[in-house]
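Okay, so here's the structure we're looking at.
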Amino acid sequence: MSVRVRYAPSPTGSPHVGNIRTALYNHLFAKRFGGVNILRIEDTDRARAIEGCEEDIIESLRYVGVLWQEGPGAAAVPGRHDFGPYRQSERKEAGIYEPHWRRLLEEGNAYWAFDTEDELKEMRAIQEANKQSTGYFGGTWREATPSQIEQAQREGKPGVVRLKIPRGKTIVIEDAVRGRIEYDSNLVDDPVLIKADGMPTYHFAAMVDDHLMEVTHIFRGEEWISSAPKHVTLFKALGWTSPIMVHLPVINGRDGKKLSKRHGDTACLDFRRAGFQGEALANFIALIGWAPGGDREVMSMDEMAEAFDIRGIQPSSGVFDLEKLNWMSGMHIRRTTPDDLLSSICEYADRGETEAYWSGRPPGEGEPNPRLRLKGLRLLSARAKDDRSYALEAVKLEQERVTNLAGFGEACLFFVQPEVEFDPKAVDKWFGEPHVRALFEWLLSRLEGPVSSLDSVEKYEALLREAQGALSLEKLGPVVHPVRVALTGKTTGPGLFELMNVLGKDEVAKRLAAALKELPS
RNA sequence: GGCCCGGUGGUCUAGCGGUUAGGACGCCUCCCUUUCAAGGAGGAAAUCGCGGGUUCGAGUCCCGUCCGGGCUACCA
C-alpha cells in the first residue's frame with residue numbers, strides 16, 4: 001500500500017515552527033516513499049476560526065518548501081481519485097460524517113447525551129472534590145433508555161453524541177516513536193463526537209477523514225498522545241484499521257518553556273520576514289527532533305527526503321536555538337548560486353513585510369542596524385534592476401560573510417549607496433593617521449591621471465602596493481585599512497582589491513576625494 | 001490530584017551490553033590573511049537526572065525516585 005499522509009492544521013492562527021515541522025515531516029515521509037501528502041483544514045470549531053488563516057498556512061508551507069498533492073492549493077491531477085473536499089466544514093455540509101456516527105449509535109458504540117453546561121460543570125466539581133479523574137464516564141446518559149432519549153429530543157434539548165469507551169479493558173496504542181503505550185480504559189472518558197451545533201469534534205472528524213482519505217500514517221504533536229486511546233477505540237468501533245501513529249516531540253524556546261510570543265519570532269512566516277531562506281529554516285527545524293544517519297546536518301530538501309526515516313525521530317522535546325539557525329542559514333546562503341541568491345534578495349527586499357518587520361525594531365543594541373539594512377536592501381534591489389551584473393558582483397563578494405537575506409542589506413550598502421556613510425569608529429581608527437592624506441592624494445593623482453586600465457583585482461593590488469612603496473610604508477596594512485574606510489565606511493568587508501575592482505576606477509576616485517574632506521586638518 | 005510521555009556537555013544530537021561517550025552550534029586558542037567572514041588545526045565543556053538492582057561488564061535492560069512536559073473541554 002502506498003504511503004498517504006496528511007498535515008491537518010486548524011485555522012486558529014498563523015502556523016508556528018512546530019506546526020510547520022509536522023508538515024515538513026509529512027512531506028519528507030511522503031516524498032521518501034513516493035506517497036501523497038494531503039493538506040486538510042480542520043475548521044470544525046467555528047468560534048476559534050480566524051479569518052485569513054488558511055492563506056497563512058499555505059504561504060508557510062510554500063515558504064519552507066513543503067509540497068502537497070491533495071487539498072486546498074494543490075494542483076488537481078486529472079484522472080486521480082479525489083478524496084475531497086478537504087475542509088472539514090465542507091465535508092460536514094456534504095454529509096460525510098453523519099452515516100458514520102449514525103452507525104455508531106445504532107450499533108451501541110455511541111450514545112446521545114443531553115447534559116447542560118452547568119450539569120457538566122457540577123459533575124466535574126464533584127469529581128475534583130473526590131479526587132477522581134474528571135471527565136464524562138457515563139453520567140446520566142450512557143445507559144439511558146431509548147424512551148429517555150426520545151423524550152429529551154422531543155423537548156428539544158440540545159444533545160451531543162459521545163463515544164462509548166468500553167470499560168474494564170486495556171487500550172493499547174502503538175506509537176512509531178515511543179512504542180507500545182497502554183491505557184486503562186476506565187480512565188478514558190467518553191469523548192464528544194458530535195457537538196450540539198451538529199459539528200463533529202476533532203476526535204471524530206479527523207479519524208473519519210483519515211480513514212476515508214486512506215491515510216496510512218498520522219504525524220501529529222505529542223499533545224495528542226493522551227487522546228490516542230479514544231482514537232483507536234473509534235477505529236475499532238467502526239471496524240477500521242488505525243493508521244500508524246507517529247507522535248512528534250514538542251519544540252521549546254531557549255528557556256525550555258513552550259515556544260511563545262515572548263521568545264520573539266515563532267510563527268513560520270516571521271522567519272521569512274527576518275530574511276531566512278525557507279530551505280534553511282526547513283533544514284533547521286527538521287533537525288530538532290530528527291537525526292538523519294551519519295553526521296550530516298546541512299541538507300537540501302531533497303537530501304532530507306532521501307534520508308528521512310521515522311526511526312530517526314526523537315521522543316524527547318527539543319529547544320529552538322536561534323544561534324544554530326543563524327549558522328545553518330549561513331551555510332545555505334553559501335550553497336546558493338549567486339544568481340539565485342540575488343533573485344531571492346531582491347524578492348525579499350521588495351516584499352512589503354520586510355520593511356514592516358525591520359522598521360518596527362528598535363535601532364542599536366543588537367547587531368543589525370535596521371535603518372542601514374533597509375536602505376541597503378532597497379538600493380541593492382533597485383540597482384539589480386538596471387545593472388544586474390554589478391549587483392551580482394556585490395552579492396558574490398558578500399556571500400560568505402552574510403548569514404541571511406536581510407544581512408545583504410548592510411553588507412552591500414556601500415556598493416550601492418551614492419555617498420558612503422562613515423562608521424565613526426572606523427574613521428577614528430584610521431583617518432587620524434598622519435600618512436593618510438598623502439596616501440589618498442597619491443592614489444587620486446594616479447587615478448585621475450592617465451593610468452593604464454584598472455580592470456582586474458591584480459591591477460588594484462599592484463596599484464596599492466605601489467602606493468605602499470611610494471609612501472615608504474613597511475606594511476600593506478596602513479594602505480589597505482584607510483582606503484577601505486574611505487571606500488566602504490567600515491573596517492570590515494570583502495577583500496579590498498576585489499571590492500575596488502567591482503566599484504570601478506571612477507567610483508573609487510570619487511570616494512577617495514570625498515574621504516579626503518573627512519580627514520582632520 | 002489522576003493518567004501519559006520525556007531526561008547524553010549551555011543547545012541540537014550519535015549511541016541500540018564492552019567506545020578514551022562521537023559529531024554539530026556556541027565559546028576559547030592558533031593557522032591562513034589587507035579587515036571581517038569562510039576554511040583548517042586544537043581546546044574547555046557530559047561522573048549519560050538521581051538511587052538501587054540484573055550482568056564478568058550498563059548511557060544502553062529492570063525497579064524506584066526526582067525534575068520537566070502533555071492531557072484531564074460540546075478546542076484543536
Side-chain angles (χ1 to χ4, degrees), chain A residues 8-12 42-45 47-48 113 115 117 120-121 124 127-128 130-136 158-162 173 175 177-178 181-184 186-189 191-203 205-206 220-229 247 249-250 252 254 256-258 284 287-298 311-312 314-328 330-331 334 398-403 411 426 430 461 464 468 475-481 483-485 488 490-497:
Chain A
S10 60
T12 51
E42 310 232 324
D43 55 349
T44 54
D45 186 357
R48 294 206 314 156
D115 309 81
E117 208 176 306
L120 255 18
K121 211 186 250 173
R124 202 169 307 133
Q127 286 168 335
E128 274 168 21
N130 294 334
K131 294 190 172 170
Q132 295 170 309
S133 357
T134 55
Y136 203 88
V160 300
V161 176
R162 284 181 187 271
I173 76 161
D175 178 69
V177 176
R178 286 153 240 267
I181 304 167
E182 294 183 357
Y183 289 87
D184 175 352
N186 290 158
L187 267 17
V188 180
D189 68 332
V192 169
L193 264 21
I194 301 298
K195 302 182 244 184
D197 66 0
M199 287 297 269
T201 59
Y202 170 88
H203 298 305
R220 65 196 339 186
E222 192 180 42
E223 67 272 20
W224 289 109
I225 209 158
S226 39
S227 37
H247 289 99
V250 299
N252 292 320
R254 260 290 221 201
K257 299 266 168 58
K258 199 175 166 185
F284 176 69
L287 262 31
I288 304 177
W290 171 64
D295 290 331
R296 282 175 298 172
E297 287 208 293
V298 181
R311 283 172 298 189
Q314 194 78 3
S316 54
S317 55
V319 169
F320 190 98
D321 180 14
L322 191 60
E323 299 269 14
K324 189 153 185 177
L325 202 215
N326 280 324
W327 166 79
M328 185 161 276
M331 298 308 283
R334 259 140 250 150
E398 295 291 357
Q399 186 166 9
E400 67 182 23
R401 63 205 92 229
V402 165
T403 57
W430 291 106
E461 176 165 6
L464 294 206
Q468 179 192 353
K475 289 185 168 178
L476 194 58
V479 174
V480 165
H481 300 306
V483 174
R484 171 187 300 285
V485 175
T488 73
K490 307 180 293 184
T491 55
T492 62
L496 183 65
F497 318 134

Produce a footprint string for nucleotides 71-76 of chain B: one letter per nucleotide, 5' end first; B if the base is under 4.0 Å from any protein heavy atom, S if only the sugar-phosphate is, - if neither. SSSBBB
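Partner assigned to C75(B) is none, using Watson-Crick or G-U wobble distances below 3.5 angstrom. Using the Watson-Crick or G-U wobble rule with both distances under 3.5 Å, G68(B) pairs with C5(B). The base-pairing partner of U29(B), taking Watson-Crick or G-U wobble contacts with both distances under 3.5 Å, is A41(B). A 3.5 Å limit on both hydrogen-bonding distances identifies no Watson-Crick or G-U partner for C36(B).
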Please tabulate, one pair per line, each protein N/O and nucleotide N/O from nucleotides 37-43 of chain B that are separated by under 3.5 Å, including the distance.
residue, atom, partner, partner atom, Å
A37(B), O2', Glu400(A), O, 2.7
A37(B), N1, Glu400(A), OE2, 3.0
A37(B), N3, Glu400(A), OE2, 3.2

Output a table of nitrogen or oxygen pairs between the protein and nucleotides 60-65 of chain B separated by less than 3.5 Å.
none

List every contact pair, protein side and nucleotides 9-13 of chain B side both N or O, where the distance is under 3.5 Å.
residue, atom, partner, partner atom, Å
C12(B), OP1, Val319(A), N, 3.1
C12(B), O2', Leu287(A), O, 2.8
U13(B), OP1, Gly289(A), N, 2.4

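Distance check on atom C1': G23(B) versus C36(B) gives 27 Å, rounded to whole Å. Taking atom C1' on both nucleotides, U60(B) is separated from G15(B) by 8 Å, rounded to a whole Å. Of the P atoms belonging to C4(B) and G43(B), the separation is 46 Å, rounded to the nearest Å. Here, C66(B) and U29(B) have their C1' atoms 40 Å apart, quoted to the whole Å. G52(B) sits 37 Å from G26(B) when the C1' atoms are compared, rounded to a whole Å. Nucleotides A14(B) and C71(B) are separated by 25 Å at their P atoms, to the nearest Å. Separating the P atom of U19(B) from that of C25(B) is a span of 27 Å, rounded to the nearest Å. Comparing the same atom, C1', in C27(B) and in U11(B) gives a spacing of 12 Å after rounding to whole Å.
Closest approach of Asp321(A) and Phe284(A) over heavy atoms only: O-CZ, 3.2 Å. Nearest approach of Ser226(A) to Tyr183(A), heavy atoms of both residues: CA-OH, 3.8 Å.
Atom CG of Leu193(A) sits about 10.0 Å away from atom CZ of Arg162(A), to the nearest 0.5 Å. The structure places CG of Leu496(A) at 10.0 Å from CD of Glu461(A), a figure rounded to the nearest 0.5 Å. The OG1 atom of Thr44(A) sits 5.5 Å away from the CE atom of Met199(A) when rounded to the nearest 0.5 Å.
Protein atom CZ of Arg296(A) is 15 Å distant from nucleotide atom P of A24(B), rounded to whole Å. The distance from atom CG of Asn252(A) to atom P of C67(B) is 18 Å, rounded to the nearest whole Å. For the pair Lys131(A) NZ and G1(B) C1', the computed distance is 6 Å after rounding to whole Å. As a whole-Å value, the separation of Asn326(A) CG from A24(B) C1' is 15 Å. Put simply, CE on Met328(A) is 17 Å from P on G23(B), counting in whole angstrom units. Atom P of nucleotide U33(B) and atom CZ of Phe497(A) are separated by 13 Å, given to the nearest angstrom.
For Lys490(A), the salt bridge (Lys or Arg N to Asp or Glu O under 4.0 Å) test picks out no residue, with sequence neighbours left out. The side chain to side chain contact (heavy atoms under 4.5 Å, CB included) search around Glu42(A) returns Ala8(A), Ser10(A), Arg40(A), Gln88(A), Tyr202(A), Ala206(A), not counting sequence neighbours. Under the salt bridge (Lys or Arg N to Asp or Glu O under 4.0 Å) criterion, Arg124(A) pairs with no residue at all, not counting sequence neighbours. The side-chain hydrogen bond (donor to acceptor under 3.5 Å, both in side chains) search around Gln399(A) returns none, not counting sequence neighbours. Partners of Glu400(A) under the salt bridge (Lys or Arg N to Asp or Glu O under 4.0 Å) rule, at least two apart in sequence or in another chain, do not exist in this structure. Listed by chain and number, the residues in a side-chain hydrogen bond (donor to acceptor under 3.5 Å, both in side chains) with Asp189(A) are Lys230(A) (sequence neighbours excluded). The side chain to side chain contact (heavy atoms under 4.5 Å, CB included) test applied to Glu222(A) returns Arg178(A), Val250(A), not counting sequence neighbours.
The aromatic rings of Trp430(A) and His481(A) sit parallel, their planes meeting at an angle under 30°, below the 60° perpendicular limit.
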Start with the C-alpha distance between Lys258(A) and Glu223(A), add both sets of side-chain angles, then the distance that settles salt bridge (Lys or Arg N to Asp or Glu O under 4.0 Å), and finish with yes or no. CA-CA 12 Å; Lys258(A) 199 175 166 185; Glu223(A) 67 272 20; over 6 Å; no
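In this structure, Asp295(A) and Ile225(A) both approach RNA chain B, and ranking their closest nucleotides by distance from the 5' end singles out Ile225(A). Projected onto RNA chain B by closest heavy-atom contact, Pro292(A) and Arg484(A) fall at different nucleotides, the more 5' of which corresponds to Pro292(A).
Side-chain N or O atoms of Arg484(A) include none that pairs as donor or acceptor with a backbone N or O of Gly495(A) at under 3.5 Å.
In this structure, Leu476(A) reaches neither bases nor backbone, as no heavy-atom distance under 4.0 Å exists between it and the strands shown. Base engagement by Pro494(A) is indicated by at least one non-hydrogen atom pair under 4.0 Å involving a base atom.
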Contacts table for residues 287-296 of chain A: side-chain donor-acceptor under 3.5 angstrom, sequence neighbours left out:
residue, atom, partner, partner atom, Å
Trp290(A), NE1, Asp309(A), O, 3.4

